[in-house]
Amino acid sequence: MQDALKVESIGKKVKLCGWVRTRRDSKGGFSFIELNDGSCMKSVQVLAEAGLSNYESEILKTGIGSSIEVVGEIVESPGKGQTTEVKAETIKIHGYADRATYPLQKKATSMEYLRTIAHLRPRTNTFGAIARVRNEVSRSIHSFFQSRGFLYVHTPIITASDCEGAGQMFNVTCLDLNDIPRKPAEGGARGEINFEEDFFGRPTHLTVSGQLEAEIYATALSNVYTFGPTFRAENSNTSRHLAEFWMVEPEMAFCDLEGDMQCAEDFLKTIFTDVMNNCGADMEFFNQWIDKTVLETLKHIVDSDFVRISYTEAVDILVKSGHTFEFPVSWGIDLQSEHERYLTETKFKKPVIVYDYPKDIKAFYMRLNDDGKTVRAMDVLMPKVGEIIGGSQREERLDVLIERMKSCDLDPEEYWWYLDLRRFGTVPHAGFGLGLERTVQFITGMGNIRDVIPFPRAPKTADF
RNA sequence: UCCCGAGUAGCGCAGCGGUAGCGCAGGUGACUGUUAAUCACUUGGUCGUAAGUUCGAAUCUUACCUCGGGAGCCA
């Protein structure tokens with residue numbers, strides 16, 4: 001269908017299959033059908049003349065949503081709005097869509113409504129464009145890492161490590177919830193659940209991160225990345241959170257935090273560039289109808305260096321800003337949304353990488369700095385969507401890591417395999433996690449993360 | 001989970017104590033190499049759910065459900 005829109009194609013005979021977007025009739029004895037197959041933003045205008053054998057009997061019954069197959073010649077269009085059109089020789093109807101009951105209309109509808117018809121929303125301009133951009137982002141992610149020699153590693157979705165430390169996990173069980181097996185208990189009290197009778201013989205969950213497993217492969221194969229679904233059972237009701245989302249997690253051996261930050265910056269710029277180069281029409285659509293600043297913002301980001309400031313500098317900037325925040329700023333607090341917004345949207349007006357956070361607000365596996373107070377963590381903050389990447393250099397020193405675990409009330413015994421990586425041939429290494437949906441959200445300007453994933457999973461939301 | 005705001009025709013909305021309205025979509029007709037076509041007429045509603053106040057509730061009160069904005073948790 002993309003070829004049918006090109007001037008060079010004039011004179012060629014084509015077969016086009018797709019769904020009718022709209023039909024306009026002329027009493028002059030012909031109809032215009034706008035046909036779209038999702039391969040690109042634009043629809044093809046099909047000219048259906050009354051001379052076609054099924055014009056009265058079938059073609060005039062088609063409308064938005066009908067699926068048809070057109071054979072005809074690509075000709076120059078005399079009308080405005082398109083350079084080419086297809087003069088139909090035959091039109092075969094695959095399926096009608098009743099115009100009175102078909103939920104989509106030839107007009108703008110709300111995102112909230114389209115979410116209730118998630119099985120039909122990919123037929124709209126907006127969701128078609130999102131699907132194509134999401135595809136391009138995914139393709140670009142693989143291409144970026146593959147071209148740099150990273151190995152794609154599949155980490156498990158079901159995990160038995162119940163303390164990955166990144167939030168509330170979903171339980172995975174085959175136990176009969178109406179008759180849960182329990183261990184014997186003293187004094188008639190209810191005993192603990194006996195997971196030995198469960199499928200895996202122990203409690204299991206859906207993964208919240210593939211990082212720890214990725215570290216195993218990075219400390220054997222050097223540079224690796226994971227790309228797959230991730231699950232958080234947090235009761236988050238926001239436009240930036242999902243219970244099931246896709247995450248990219250590179251893990252690089254013999255790499256420090258500087259290398260990690262450079263990789264993250266190059267990575268984001270590559271994705272943005274690829275989308276602008278390969279999804280031009282889709283991006284123009286978003287820029288016109290969703291957010292009039294997305295193209296300008298993406299170009300600006302690709303052409304400029306990300307700001308890099310330490311947490312201490314960030315706090316200093318916020319304190320000296322003279323800006324009154326709802327949550328006062330002082331060294332040691334976690335940065336709030338309003339603080340991140342100030343840095344990315346007001347102060348620098350571009351992505352900001354904040355690094356070297358206080359150890360008390362970050363995970364145990366992040367490498368301790370010589371000051372004993374901060375760790376080699378970094379967050380990439382974007383205007384509007386906030387944190388898009390979170391990463392760190394990992395603690396590779398066995399004794400320091402064990403101490404950190406203890407002070408975080410974690411049992412080193414549980415992480416025996418993770419500690420083995422430091423025990424045998426340890427290496428400095430670093431990595432980060434990128435939220436795919438937040439990336440697509442940022443690129444497209446879509447306001448709600450539930451609209452950039454085909455079938456959103458969120459609290460009380462799993463209808464499709 | 002917390003704080004605000006909103007649920008009225010298929011969709012987008014107005015009405016905010018006296019019994020239901022507009023635009024679009026749908027239907028009918030007119031007109032036209034048309035572009036979210038245009039014009040005329042027209043069908044269509046237990047006013048989110050449940051209880052309460054009142055002579056009378058879409059309108060006031062309470063609870064619940066869902067959605068949106070903000071916050072927390074994070075990607």
Side-chain angles (χ1 to χ4, degrees), chain A residues 21-34 42-49 63-65 75-82 85 87 97-117 120 124-125 164-168 208-211 227 229-249 264 289 325-327 334-341 361-363 379-382 385-391 432-442 447-453 458-461 463:
Chain A
R21 281 295 171 80
T22 179
R23 195 195 77 228
R24 295 179 289 270
D25 299 328
S26 166
K27 274 284 151 54
F30 44 85
S31 297
F32 297 103
I33 297 170
E34 287 221 16
K42 287 202 77 172
S43 298
V44 169
Q45 175 160 288
V46 174
L47 179 66
E49 292 179 306
I64 183 169
V75 297
E76 192 179 346
S77 177
K80 291 172 190 165
Q82 65 283 318
E85 63 188 28
K87 192 178 173 203
D98 179 22
R99 278 183 292 191
T101 53
Y102 186 59
L104 289 173
Q105 295 176 6
K106 268 195 303 185
K107 64 169 212 165
T109 39
S110 69
M111 296 301 161
E112 293 81 21
Y113 171 65
L114 291 173
R115 235 171 272 152
T116 69
I117 49 165
L120 295 171
T124 63
N125 286 333
E164 291 183 25
Q168 209 57 41
V208 292
S209 165
Q211 182 202 315
F227 185 12
T230 306
F231 306 86
R232 304 278 164 91
E234 228 95 65
N235 191 10
S236 297
N237 290 288
T238 79
S239 56
R240 304 183 304 284
H241 289 87
L242 289 167
E244 176 183 310
F245 63 99
W246 282 62
M247 189 155 65
V248 185
E249 294 177 287
W289 299 104
F325 295 105
E326 192 188 337
F327 295 90
D334 213 350
L335 296 182
Q336 307 289 316
S337 287
E338 55 171 343
H339 306 140
E340 297 179 353
R341 279 230 168 103
I361 58 172
K362 289 292 180 184
D379 285 351
V380 180
L381 310 177
M382 301 295 271
V385 293
E387 186 183 337
I388 199 170
I389 280 179
F432 61 81
L434 170 89
L436 176 70
E437 285 74 18
R438 285 196 184 165
T439 307
V440 176
Q441 207 184 345
F442 179 77
N448 198 311
I449 200 166
R450 298 178 190 197
D451 298 325
V452 296
I453 188 167
K460 305 279 183 289
T461 304
D463 292 338

Atom [atom1] of [X] and atom [atom2] of [N]: how far apart are they, to the nearest Å?
X: A/Q336; N: B/G70; atom1: CD; atom2: P; result: 15 Å
X: A/I389; N: B/A75; atom1: CD1; atom2: P; result: 11 Å
X: A/D334; N: B/C74; atom1: CG; atom2: P; result: 7 Å
X: A/E340; N: B/G70; atom1: CD; atom2: P; result: 14 Å
X: A/D98; N: B/A25; atom1: CG; atom2: P; result: 16 Å
X: A/K362; N: B/A75; atom1: NZ; atom2: C1'; result: 11 Å
X: A/R232; N: B/G72; atom1: CZ; atom2: C1'; result: 15 Å
X: A/E49; N: B/U34; atom1: CD; atom2: C1'; result: 14 Å

Inter-nucleotide [atom1] distance ([N], [M]), Å rounded:
N: B/G44; M: B/U54; atom1: C1'; value: 32 Å
N: B/A58; M: B/G7; atom1: P; value: 15 Å
N: B/G10; M: B/U43; atom1: P; value: 16 Å
N: B/A20; M: B/G29; atom1: P; value: 31 Å
N: B/C11; M: B/G45; atom1: C1'; value: 14 Å
N: B/C13; M: B/G18; atom1: P; value: 24 Å
N: B/C16; M: B/A6; atom1: P; value: 14 Å
N: B/G15; M: B/U38; atom1: C1'; value: 30 Å

- Message: Quick one, A/L114 and A/L104 - any side-chain contact, counting heavy atoms below 4.5 Å?
- Response: yes
- Query: Taking for each residue the nucleotide of RNA chain B bearing the nearest heavy atom, is the 5' side occupied by A/F32 or by A/Y113?
  - Reply: A/Y113
- Task: Nearest-nucleotide wise, let me know which of A/T22 and A/S239 is further upstream toward the 5' end of RNA chain B.
- Result: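 In this pair, the answer is A/T22.
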Taking only the side-chain nitrogens and oxygens of [X], find out if one of them lies under 4.0 Å from OP1 or OP2 of [N].
X: A/N448; N: B/G68; result: yes
X: A/R99; N: B/G27; result: yes
X: A/R24; N: B/A37; result: yes
X: A/Q45; N: B/U34; result: no
X: A/T439; N: B/A75; result: no
X: A/S236; N: B/C73; result: no
X: A/T461; N: B/C67; result: yes
X: A/R23; N: B/A36; result: no

For [X], which contact category applies under a 4.0 Å heavy-atom criterion: base, sugar-phosphate, or nothing?
X: A/Q82; answer: base
X: A/L104; answer: nothing
X: A/T238; answer: base
X: A/E85; answer: base
X: A/L434; answer: nothing

Sidechain-backbone polar pair: [X] side chain, [Y] backbone, donor-acceptor under 3.5 Å:
X: A/Q45; Y: A/Q82; answer: no
X: A/E437; Y: A/V452; answer: no
X: A/T238; Y: A/R240; answer: yes
X: A/D379; Y: A/L381; answer: no
X: A/H339; Y: A/F327; answer: yes

Using the side-chain heavy atoms of [X], tell me which of these nucleotides is nearest: [options].
X: A/Q105; options: B/G68, B/C11, B/A71; value: B/C11
X: A/R450; options: B/U34, B/U35, B/C67; value: B/C67
X: A/R240; options: B/G33, B/A75, B/A71; value: B/A71
X: A/K460; options: B/U66, B/C74, B/G33; value: B/U66
X: A/R438; options: B/A75, B/G33, B/U66; value: B/A75
X: A/F30; options: B/C67, B/G33, B/G72; value: B/G33

- Query: So, are A/R24 and A/E34 salt-bridged, with charged N and O less than 4.0 Å apart?
  - Reply: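 Answer for the salt bridge query: yes.
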With both distances under 3.5 angstrom, what nucleotide forms a Watson-Crick or G-U wobble pair with [N]?
N: B/U32; result: none
N: B/G12; result: B/C22
N: B/A75; result: none
N: B/C41; result: B/G27
N: B/G68; result: B/C4

N/O donor-acceptor pair, side chain [X] with base [N], under 3.5 angstrom:
X: A/N237; N: B/U1; value: yes
X: A/E112; N: B/U66; value: no
X: A/E326; N: B/G70; value: no

- Query: Can you name the closest pair of heavy atoms from A/G65 and A/A97 and give their distance?
  - Reply: C-CB, 3.6 Å
- Message: Please find the pair of heavy atoms, one from A/T230 and one from A/V208, that lie closest to each other, and give the distance.
- Response: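 Scanning both residues, the minimum pair turns out to be CG2-O, 3.1 Å.
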- Query: Is there a stack between A/F245 and B/A75, judged by ring centres under 5.5 Å and planes under 30°?
  - Reply: yes
